[in-house]
Amino acid sequence: TDQLKGEFLLPIYIGGLLEKGEARVKVLRSHDKWFGMTYSQDIASTKEEIGKLVAKGTYREDLYSDLG
């Protein structure tokens, strides 16, 4: 399975580990706005928001360039 497309499984796996007492999770506070794409209509606004973050220097133009 393509691991990059399986991120939706993380809550299920982490939830299972928590229920068994096999993991602990620390939730970090953030003042950043969350945004994402649930519907195809969200694409334009998500691209715009990411563009603002790139222009501000929060994100790099190539988000994955450091994963090599």
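Index from 1, following the sequence.
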* To do: Return each pair, listed once, that meets salt bridge (charged side-chain N to carboxylate O under 4.0 Å, His left out) where at least one residue sits in residues 14-27; pairs must be two or more places apart or across chains.
  => none
Please output the side-chain donor-acceptor pairs of residues 41-55 that fall under 3.5 Å, not counting sequence neighbours, one pair per line with the distance.
from	atom 1	to	atom 2	distance (Å)
D42	OD2	T38	N	2.9
D42	OD2	Y39	N	2.9
S45	OG	D42	O	3.1
T46	OG1	G36	O	3.3
T46	OG1	D42	O	2.9

* same_hphob_cluster(I12, L17) at 4.5 Å side-chain heavy-atom cutoff -> no
